[in-house]
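For clarity, every value in this text was computed on a predicted model and none was experimentally measured.
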Amino acid sequence: MLKYINAFSLFMILVIVAIYGYTKVFKDTKTVYVGIDGYLPPFSSTNSYGESQGYSVDIIRQLTDTLDMNIKFRIVPFSSLNDCIKNRTVDIVIAPFDTSKEKKETYSEYTLPYYVNYPTLAVRKNRNMTDFNKYNMKGKTICVLNKSDILNLIRLNFYYSKIAVYTNSQDAFEDLIHGKCDAIADSKSSNSYHVTKHKLRRIAIKRILPNIKGQEYRIAVRKGENDLLNKINYGLFYLNSTGVIDQISKKWFGSGAEVDITQSDVANTKQESKKYLSFL
């Protein structure tokens with residue numbers, strides 16, 4: 001009798017294992033296709049092995065681990081990313097574009113923010129510069145990367161300063177270190193990434209013009225995919241509340257992402273607010 005009981009117990013264990021394996025493999029067969037630009041470090045790039053890497057890539061991978069989604073990256077030129085959602089070749093797009101300029105987009109909706117960017121000045125720490133205005137920067141040389149928004153901002157607000165335009169960060173930082181310019185004007189992401197990548201411990205990144213609202217980078221989701229949008233919003237809330245977003249930001253930029261996502265932000269989205277509460 002004991003022999004039959006043991007055999008039956010073994011059979012039930014095998015059945016349970018088989019059911020678990022089946023549900024583990026097939027519980028979510030839908031693959032989410034993610035559009036990225038593979039040539040925009042530090043947000044997304046491709047390493048020598050052809051693997052996608054970067055801040056945005058890490059965010060998506062953390063979301064997929066947390067939400068148990070299947071994903072595949074599709075590398076698309078930056079200018080064509082939104083068209084990919086329109087053409088239904090991708091389900092979501094994650095890229096460093098200012099979503100405040102995309103409000104009239106008819107083919108996609110935007111999640112909660114995953115990064116906040118704003119203009120900064122990179123300065124040498126021994127200069128003890130903490131405040132920046134047109135008067136205390138008078139006569140000083142500001143190295144500006146050749147980006148129209150940054151260049152126009154500096155010309156408008158620091159017209160007493162000398163402006164030197166650069167085509168790449170490497171040359172600008174070399175001149176900053178050797179005293180040929182007093183500050184480098186660029187976005188927080190670009191300045192912070194260069195300082196972190198090259199371990200420039202004597203360079204500080206300072207926010208300028210704090211009254212200017214930072215650009216909020218968000219994930220674009222195909223319009224009508226309400227479940228996916230809501231799921232990603234909860235995932236971003238979870239990653240932010242547990243400090244994961246800041247950890248990823250410090251890896252690539254040496255500083256936090258400065259994203260402030262609250263429960264009310266999640267509850268105020270257009271989608272249902274209770275579907276993934278068990279996940280939290």
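- Rounding to the nearest 0.5 Å gives a distance of 10.0 Å between OG of Ser190 and CD1 of Ile205.
- Side-chain contact check for Cys143 versus Lys180: every heavy-atom pair is 4.5 Å or farther apart.
- Nearest heavy-atom pair, Leu200 versus His194, reported as atom, atom and distance to 0.1 Å: CD1-CD2, 4.0 Å.
- The side-chain heavy atoms of Ile36 and Ser52, taken from C-beta on, include a pair separated by under 4.5 Å.
- Between Tyr217 and Tyr114, the ring-plane angle classifies as tilted under the 30° and 60° cut-offs.
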Ser255 and Lys188: CA distance, side-chain angles, deciding distance, side-chain contact (heavy atoms from CB on, under 4.5 Å) verdict: CA-CA 10 Å; Ser255 59; Lys188 174 197 170 189; 3.7 Å; yes
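- At distances below 3.5 Å, at least one donor-acceptor pair connects side-chain atoms of Thr64 with backbone N or O atoms of Arg61.
- For the pairing with Ile142, the side chain to side chain contact (heavy atoms under 4.5 Å, CB included) check across Ile184, Leu121, Asp182 returns one residue only, Leu121.
- Looking only at side-chain heavy atoms (C-beta outward), Leu236 and Ile59 come within less than 4.5 Å of each other.
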Verdict with supporting geometry, Lys223 and Tyr107, side-chain contact (heavy atoms from CB on, under 4.5 Å): CA-CA 5 Å; Lys223 186 161 287 188; Tyr107 299 99; 5.7 Å; no
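- Here the straight-line distance linking atom CD1 of Ile232 with atom CD1 of Ile92 works out to 4.0 Å at 0.5 Å rounding.
- In this structure, Ile154 is a member of the same hydrophobic cluster as Val165, with clusters built from ILVMFWY side-chain heavy atoms closer than 4.5 Å.
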Lys251 vs Asp58, side-chain contact (heavy atoms from CB on, under 4.5 Å): CA-CA, chis, key distance, verdict: CA-CA 10 Å; Lys251 170 185 173 182; Asp58 284 354; 2.9 Å; yes
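- Follow the hydrophobic side-chain contacts under 4.5 Å out from Val195 and you reach Ile177 in the same cluster.
- Looking at every heavy atom in both residues, Ile208 comes nearest to Phe158 through CD1-CE1, 4.4 Å.
- At a threshold of 4.5 Å between side-chain heavy atoms, the hydrophobic network of Ile, Leu, Val, Met, Phe, Trp and Tyr places Ile94 and Leu228 in one connected group.
- In terms of modelled atom types and a separation under 3.5 Å, the side chain of Asn233 and the main chain of Thr111 share no donor-acceptor contact.
- Using a 4.5 Å heavy-atom threshold, the side chains of Thr89 and Arg74 count as touching.
- Counting only heavy atoms from C-beta outward, the side chains of Ser45 and Tyr39 never approach each other to under 4.5 Å.
- Of the inter-residue distances, the one linking Ser169 atom OG with Lys197 atom NZ reads 9.5 Å to the nearest 0.5 angstrom.
- Cluster annotation: Ile212 is connected to Ile150 through the hydrophobic network of ILVMFWY side chains, with a link wherever side-chain heavy atoms come within less than 4.5 Å.
- When every heavy atom of Glu258 is checked against every heavy atom of Asp246, the shortest pair comes out as N-OD1, 4.0 Å.
- Annotation: His198 is not in aromatic contact with Phe173 [ring centroid separation under 6.0 Å not met].
- Between Leu209 and Asn133, the closest side-chain pair of non-hydrogen atoms is not below 4.5 Å.
- Separating the CG atom in Asp186 from the CG atom in Leu145 is a distance of 4.0 Å, to the nearest 0.5 Å.
- With a 4.5 Å cut-off on side-chain heavy atoms, Phe78 and Phe97 count as touching.
- For the pair Met137 and Phe132, the tightest heavy-atom approach, listed with the atom from each and the gap, is SD-CD2, 3.8 Å.
- With salt bridges taken as basic N to acidic carboxylate O contacts below 4.0 Å, none links Arg222 and Glu109.
- Residue Ile248 holds its CD1 atom at 6.5 Å from CG of Leu239, rounded to the nearest 0.5 Å.
- Aromatic ring pairs are classed by plane angle as parallel below 30°, tilted from 30° to 60° and perpendicular above 60°; the pair Phe253 and Tyr115 is tilted.
- Between atom CG of residue Asp91 and atom CD1 of residue Ile71 there is a gap of 11.0 Å, rounded to the nearest 0.5 Å.
- A donor atom on one side chain and an acceptor atom on the other are not found under 3.5 Å apart for Asp227 and Asn230.
- Annotation for Ile261 and Pro113: closest pair CD1-O, 3.4 Å, computed over non-hydrogen atoms.
- Lys125 contributes a side-chain N or O that, together with a main-chain N or O of Arg201, makes up a donor-acceptor pair within less than 3.5 Å.
- The backbone N or O of Gly254 lies less than 3.5 Å from a partner atom in the side chain of Thr196, making a donor-acceptor pair.
- A donor and an acceptor atom, one from each side chain of Thr167 and Asn146, are nowhere located under 3.5 Å apart.
- Using a 3.5 Å distance cut-off with no hydrogens or angles, the side chains of Tyr166 and Asp175 do pair a donor with an acceptor.
- With hydrogens and angles ignored, the 3.5 Å screen pairs no side-chain donor or acceptor of Asn240 with any backbone N or O of Phe237.
- A donor-acceptor contact shorter than 3.5 Å is absent between the side chain of Ser192 and the backbone of Ser189.
- Here the side chains of Leu176 and Arg124 are in contact, with some heavy-atom distance below 4.5 Å.
- The two atoms that bring Ile203 and Ala122 nearest to each other are CG2-CB, 4.0 Å, heavy atoms only.
- Electrostatic pairing of Arg218 and Glu216 counts as a salt bridge here, judged by a charged N lying under 4.0 Å from a carboxylate O.
- A donor-acceptor contact closer than 3.5 angstrom is absent between the side chains of Asn70 and Thr31.
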